[in-house]
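A, B, ... follow the sequence lines: proteins, then strands. Residue 1 opens every chain.
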Amino acid sequence: MSNKKSIKSSSSAGSFSLPNFLVSELRSRLLDWYATSGRSLPWRETRDPYRIWISEIMLQQTQVKTVIPYFDRWIQQFPSVQSLADAELQTVLKAWEGLGYYARARNLHRAAKQIAETGFPTDLDSIQALPGIGRTTAGGILSAAFDQPISILDGNVKRVLARLIALDKVPNKALTQLWAISDQLIDPENGRDFNQALMDLGATVCTPKNPACLVCPWRSHCKAYNLGVQSELPMSETRTAIPHKVIGVAVIWKDQRILIDRRKPEGLLGGLWEFPGGKLEPGETIEECIQREIREELAIDIAVGEQLIVVDHTYTHFRVTLNVHHCQYLAGEPQAIECDEIRWVAVDELSDYPFPKANIKIIEALRSVSFSGS
DNA sequence: AAAGCGGGGGT
DNA sequence: ACCCCAGCTTT
């Protein structure tokens with residue numbers, strides 16, 4: 001390697017480092033603020049790595065307010081790693097129903113089986129080797145459960161640090177720099193409190209809109225505040241318009257039962273149950289679409305009847321309109337061609353199965369229909 | 001490096 | 001209507 005290059009990299013944390021006096025100042029101000037203004041949260045009342053792990057996974061891309069009731073129910077239902085490892089995947093998915101990003105639940109179940117065998121990992125590499133645990137979640141668990149000084153870089157921290165240094169890029173284009181600052185800032189003696197404090201600061205003071213700079217412990221050192229651009233930062237990603245899909249969905253009746261199918265284990269809504277259907281093709285009516293999809297996916301004949309409900313639902317990368325019709329089973333033995341399993345179930349049994357949110361709207365419509373006695 | 005992956009809170 | 005949330009995995 002060339003002389004120039006080794007000199008450049010030997011300034012190491014180097015091109016991105018903050019002066020030491022500033023680091024000390026930021027640490028003590030943040031920890032003082034946290035002692036008086038930190039949030040009280042269920043997973044902060046324990047150092048049980050299992051509970052902290054569960055909370056960290058639930059909190060991925062999910063707000064604290066949403067997580068709390070799921071977390072409390074989960075700990076009741078699965079109080080230990082072993083109880084989670086012993087549970088059926090369908091039971092785990094049912095407990096996760098409505099929380100989204102269902103790969104998190106599938107990965108929790110897989111990881112629980114590993115932890116039950118090997119014990120809970122206590123170092124960065126082995127904990128990050130578990131499914132569903134990346135660098136930030138690993139730091140969150142190791143700091144919260146074992147007070148290790150392992151940094152984090154979640155959405156809150158990216159925003160706080162981007163404002164602190166008045167970052168002139170989209171945070172996701174400056175990850176190396178932001179990680180270096182998070183590494184440098186974390187207090188070696190207070191890893192747990194420091195990371196918790198940093199996330200609280202982002203969640204309650206350094207918010208995306210209308211940040212409360214007047215009560216911020218870092219105000220006097222914040223470059224964005226001092227430049228008056230705190231509301232313009234961090235720079236945001238440009239996002240593209242999402243496509244809209246029109247879907248035909250069948251509620252297929254045979255005697256007093258309805259046909260549902262279980263989606264393949266990976267991918268969108270993997271492992272969840274649904275009412276069968278598919279995408280409307282150009283020039284096709286909804287009735288024709290439903291009949292075609294059911295023939296292609298299940299190899300049975302049906303008669304498409306009256307509309308039950310229309311459900312609009314928005315996912316991260318597309319929007320759907322579900323046109324749901326009552327259908328009557330006619331002939332053929334259903335084949336699991338594009339799904340994992342098929343069942344005929346009574347309306348009252350639907351609540352035993354994990355469904356995506358858009359399908360739960362269909363179930364609610366079904367219940368009110370059968371209740372009013374159609 | 002970019003895309004896939006849910007659902008809801010806050011404004 | 002839009003942005004964002006205690007991100008990870010796959011391509």
### Message
Is the phosphate of dT9(C) approached by R106(A) (side-chain N or O, under 4.0 Å from OP1 or OP2)?
### Response
no

Taking dA2(B), dG4(B), dA6(C) as options, the one with an atom nearest any side-chain atom of R44(A) is dA6(C)

Ranking dG7(C), dG6(B), dC4(C) by distance to the side chain of P208(A), first place goes to dC4(C)

Between CD1 of I242(A) and P of dA1(C) the distance, given in whole Å, is 11 Å

Distance col, row I302(A):CD1 vs E287(A):CD, nearest 0.5 angstrom, shows 10.5 Å

Regarding the side chain of N210(A), the nearest nucleotide among dG6(B), dG7(B), dT11(B) is dT11(B)

* **P-based separation of dA6(C) from dG4(B) [nearest Å]** => 24 Å

Margin query: Test your reading of the model: is there a side-chain donor-acceptor pair from K113(A) to the backbone of A85(A), 3.5 Å cut-off?
Written below: yes

Do W273(A) and Q90(A) get their side chains close enough for a donor-acceptor pair, meaning under 3.5 Å? yes

Side-chain atoms of K209(A) come closest, of dG7(C), dC4(C), dT11(B), to dT11(B)

Out of dC4(C), dG6(B), dA6(C), minimum distance to the side chain of R239(A) belongs to dC4(C)

In whole angstroms, the gap separating P of dC5(B) from CD of Q61(A) amounts to 15 Å

query = Quick one: are the ring centres of Y34(A) and F194(A) less than 6.0 Å apart?
reply = no

To the nearest angstrom, the CG-P distance between L175(A) and dC8(C) comes to 12 Å

dC3(C) OP1/OP2 closer than 4.0 Å to side-chain N/O of S236(A): no

Of the listed dA6(C), dG6(B), dC8(C), the closest approach to the L41(A) side chain comes from dA6(C)

Check: Given the C1' atoms of dG8(B) and dT9(C), what is the spacing between them in whole Å?
Finding: 23 Å

Taking only the side-chain nitrogens and oxygens of H313(A), find out if one of them lies under 4.0 Å from OP1 or OP2 of dG7(B). yes

Considering only heavy side-chain atoms of K65(A), the closest of dG6(B), dC8(C), dG10(B) is dG10(B)

Any side-chain N or O of R104(A) below 4.0 angstrom from OP1/OP2 of dG6(B)? no

Item checked: N or O in side chain of Y102(A) less than 4.0 angstrom from dG7(B) OP1/OP2 -> yes

Discussion item. Please confirm whether the shortest side-chain N or O distance from Q63(A) to OP1 or OP2 of dC5(C) is below 4.0 Å.
Written reply: no

Side-chain contact check for R39(A): nearest option of dC8(C), dA6(C), dC5(B) is dA6(C)

query = When the C1' atoms of dC5(B) and dC5(C) are considered, how many whole Å apart are they?
reply = 14 Å

task: Take atom P in dG9(B) and the same atom in dC8(C), then report the distance between them in whole Å.
output: 23 Å

Using Watson-Crick geometry (N1-N3 plus N6-O4 or O6-N4) or G-U wobble (N1-O2, O6-N3), each under 3.5 Å, dG6(B) is paired with none

Name the nucleic acid region contacted by L99(A), choosing base, sugar-phosphate or nothing; use a 4.0 angstrom heavy-atom cut-off, strictly under. base

Picking from dG6(B), dC8(C), dA6(C), the nucleotide nearest the side-chain atoms of L268(A) would be dG6(B)

